[in-house]
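See structure below.
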Protein chains: 2
Amino acid sequence: MGKKISASRVTADDVARAAGVSRSVVSRTFTKGASVSAKRRKLVLEAAEKLGYEPNIAARVLAGKASNVVGILTGPLLNPFLADLLDKLSDGLREAGFLPTLFKVDTASDAKSILPLIAQYHMVSTIVMGISPSAQISKFFSGQSQMPIILNLGVLRDVEAANISTDHFKGGMLAAQALLDGGARNPAVVTRQIEAGIYEERAAGFRYVLDQAGVQCTSLQVTEGSYQAGHEAMLRLSKSEKHPDAIFFGNDVMALGGLDALRIDLGLSVPGDVAVVGYDDIPSAALGAYRISTIRQPVRKLASMAVAAIVDFENSGAADLTTSMIAPAYVPRDTI
Amino acid sequence: MGKKISASRVTADDVARAAGVSRSVVSRTFTKGASVSAKRRKLVLEAAEKLGYEPNIAARVLAGKASNVVGILTGPLLNPFLADLLDKLSDGLREAGFLPTLFKVDTASDAKSILPLIAQYHMVSTIVMGISPSAQISKFFSGQSQMPIILNLGVLRDVEAANISTDHFKGGMLAAQALLDGGARNPAVVTRQIEAGIYEERAAGFRYVLDQAGVQCTSLQVTEGSYQAGHEAMLRLSKSEKHPDAIFFGNDVMALGGLDALRIDLGLSVPGDVAVVGYDDIPSAALGAYRISTIRQPVRKLASMAVAAIVDFENSGAADLTTSMIAPAYVPRDTI
DNA sequence: CTGAAAGCGCTAACAT
DNA sequence: ATGTTAGCGCTTTCAG
């Protein structure tokens with residue numbers, strides 16, 4: 001019990017000695033674009049292989065090479081949309097040669113305590129997603145020599161960072177149009193209250209199209225984006241004076257809860273009695289028993305743009321703090 | 001466009017100068033358990049605060065301090081169970097002062113290419129989860145001076161690593177017992193074929209209890225653990241000679257697909273005509289339209305034990321390569 | 001308790 | 001193309 005693990009590490013000097021060359025040659029061998037004769041390179045590679053040498057990143061970074069680690073400050077991974085985004089992000093980052101390190105927090109206020117930590121690691125970039133970037137975070141960014149990226153948090157005016165996001169206003173518009181096309185006369189929208197205005201943007205786009213069409217809209221705001229919250233919101237909505245015949249849920253998880261309330265608790269038919277649209281297009285939205293019509297976020301595009309921004313930053317040395325809004329798409333299924 | 005970001009960093013020397021002390025004092029101030037007079041400590045802290053100093057981790061590690069980064073080699077995060085596990089793991093790791101960095105791969109063979117990368121970072125530990133630890137990975141571990149942890153991959157004989165897992169055999173037993181208690185006469189099990197034997201362990205436990213009870217069991221193996229796979233498996237099962245009246249799906253996602261096949265495609269009632277048990281207890285299993293009876297994996301426990309193992313390793317300097325199997329629990333819902 | 005000095009392993013001029 | 005040298009920012013003896 002308690003197996004001792006060999007702690008000795010093989011250094012470039014060891015390899016140099018074994019290969020009968022200087023340390024520089026070893027370093028160059030492992031630096032792409034450096035000049036080493038084929039003969040010595042082979043010598044070094046063989047020695048390295050035999051000794052099991054791997055360059056020490058800490059030393060490399062300290063010696064002035066850019067670190068290739070990018071921080072990901074994310075909200076709860078129980079959120080299927082975030083998990084998906086993280087998945088795509090790690091793929092993209094890895095392909096581009098970056099190493100994602102995770103700072104997961106449950107609330108925006110948790111994030112504060114993590115900021116100093118992030119600073120210590122001299123990341124190339126840190127990507128913020130799934131939590132509202134408070135003033136605190138914004139201020140932190142402006143003091144760092146790294147590329148700050150805010151991912152999918154909608155329109156943000158006060159943050160100095162590259163802002164890459166789904167166009168949530170547009171998403172809301174698509175939802176409204178779909179519902180209208182489906183014959184909605186009395187729509188409602190349930191949004192979630194969070195610092196970042198993404199749910200509000202969705203709702204605003206929704207109402208905008210409705211206004212244009214001269215249709216009134218009921219709004220309901222809940223504090224969580226959960227199944228429970230969607231369920232309760234639906235029940236509450238059904239008790240209001242004007243029974244809505246079409247509901248736009250701010251995300252799919254809430255739509256799931258709302259649908260169950262509608263069909264199981266209220267005994268209504270969807271889309272017969274009430275039409276429903278969700279948002280995100282998480283896997284559960286496609287489940288046979290739900291098949292929720294929803295607004296699909298461009299996860300892959302979001303991820304690849306974030307990676308591209310970091311690559312650009314490395315090449316140019318300057319952060320391009322542009323805002324990019326990517327249009328989502330309507331996915332028709334069986335709830336409209 | 002293209003905002004230049006200030007690249008200058010504040011070093012311990014800067015702080016020392018500003019505080020009128022030597023660099024050593026600054027270092028000690030930031031090393032817990034070092035001796036610095038209250039007066040100078042205050043001086044240093046103030047100067048550090050004013051200049052926005054954060055110790056450079058790369059330098060610290062290079063100078064001999066243990067790195068606090070632990071690698072997580074994980075399978076696809078689209079797997080809700082893995083996402084959940086990762087979520088809990090990052091929380092635990094952070095509380096214990098570790099920094100999780102992510103190596104996400106889609107298949108076990110992808111993992112090979114990542115191994116050298118992991119070596120470069122001199123992690124304290126790396127945790128493998130959601131992919132089958134091939135011989136390649138095993139061999140890699142044995143050469144490293146870090147704590148290797150295999151998380152939730154079942155019984156593994158050939159790997160030199162701490163093995164922390166749900167007791168999948170036990171899980172299978174629970175599933176069988178539940179189905180038997182529900183009156184199953186003609187059960188079936190659908191497992192997934194992967195290198196690591198976890199699905200096979202579940203099925204083995206399942207069959208073991210059935211054998212004891214003198215009940216025959218149909219087995220079906222699929223290549224993916226997806227909704228689609230579960231759906232197709234169910235359809236196939238229904239066409240076989242002996243129509244099963246109880247199905248154990250190797251995971252909840254497959255159970256979801258199977259349930260839809262049962263109710264929507266086959267027009268059968270669950271649990272009236274056929275009983276179903278899943279495995280994992282992912283959020284979707286609890287959805288109103290499904291409410292799958294399932295075997296819940298001890299995610300929190302899994303995560304905390306992994307963290308504890310790393311903490312132990314840091315304290316003792318020796319890796320405790322014990323195998324720990326944690327019992328899952330049966331969660332009765334509406335499909336039995 | 002404090003400061004001086006010696007590295008940790010690597011890269012990047014700088015001379016060959 | 002190669003070797004030599006000087007750091008990167010920090011921790012840690014070692015004297016004082």
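Quick note on labels: first sequence line is chain A, next is B, and so on, each numbered from 1.
- Using a 4.0 Å cutoff to heavy atoms of chain B, the contacted part of DNA chain D runs 5' to 3' from D:dG9 to D:dT13.
- Each end of the helix from C:dC1-D:dG16 to C:dT16-D:dA1 gets its own rotation axis from five pairs of C1' atoms, and the angle between them is 30° to the nearest 10 degrees.
- A salt bridge does not link A:Lys50 with A:Glu46: none of the charged nitrogens is closer than 4.0 Å to a carboxylate oxygen.
- Using a 4.5 Å heavy-atom cutoff, the side chains of A:Thr101 and B:Val69 are not in contact.
- Between the side chain of A:Asn315 and the main chain of A:Asp312, no donor-acceptor pair closer than 3.5 Å is present.
- Here A:Lys112 pairs with nothing under the salt bridge (Lys or Arg N to Asp or Glu O under 4.0 Å) rule; sequence neighbours left out.
- Of all heavy-atom pairs between B:Ala162 and B:Met147, the closest is CB-CE, 3.5 Å.
- Residues B:Ile198 and B:Thr166 form no side-chain contact, since every pair of their non-hydrogen atoms from C-beta on lies 4.5 Å or further apart.
- Residue B:Val36 is classed as a sugar-phosphate contact, given heavy-atom separations below 4.0 Å to backbone atoms only.
- Contact between A:Ile326 and A:Pro298 at its shortest, heavy atoms only, is CG2-CG, 3.6 Å.
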Response to the item:
Whether each nucleotide of nucleotides 10-16 of chain C has a protein heavy atom under 4.0 Å at its base (B), only at its sugar-phosphate (S) or at neither (-) is summarised, 5' to 3', as BBBB---
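- Side-chain nitrogen and oxygen atoms of B:Ser35 include at least one within less than 4.0 Å of the OP1 or OP2 phosphate oxygen of C:dC1.
- Heavy-atom minimum distance, A:Pro100 versus A:Ile72: CB-CD1, 3.9 Å.
- Rounded to an integer number of Å, the gap from B:His122 NE2 to C:dC8 P is 14 Å.
- Residues passing the side-chain contact (heavy atoms from CB on, under 4.5 Å) test with B:Arg40, sequence neighbours excluded: B:Val21, B:Val25, B:Val36, B:Ser37.
- Here salt bridge (charged side-chain N to carboxylate O under 4.0 Å, His left out) pairs that include residues 77-87 of chain A, with residues two or more places apart or in two chains, are A:Asp84-A:Lys88, A:Asp87-B:Lys104.
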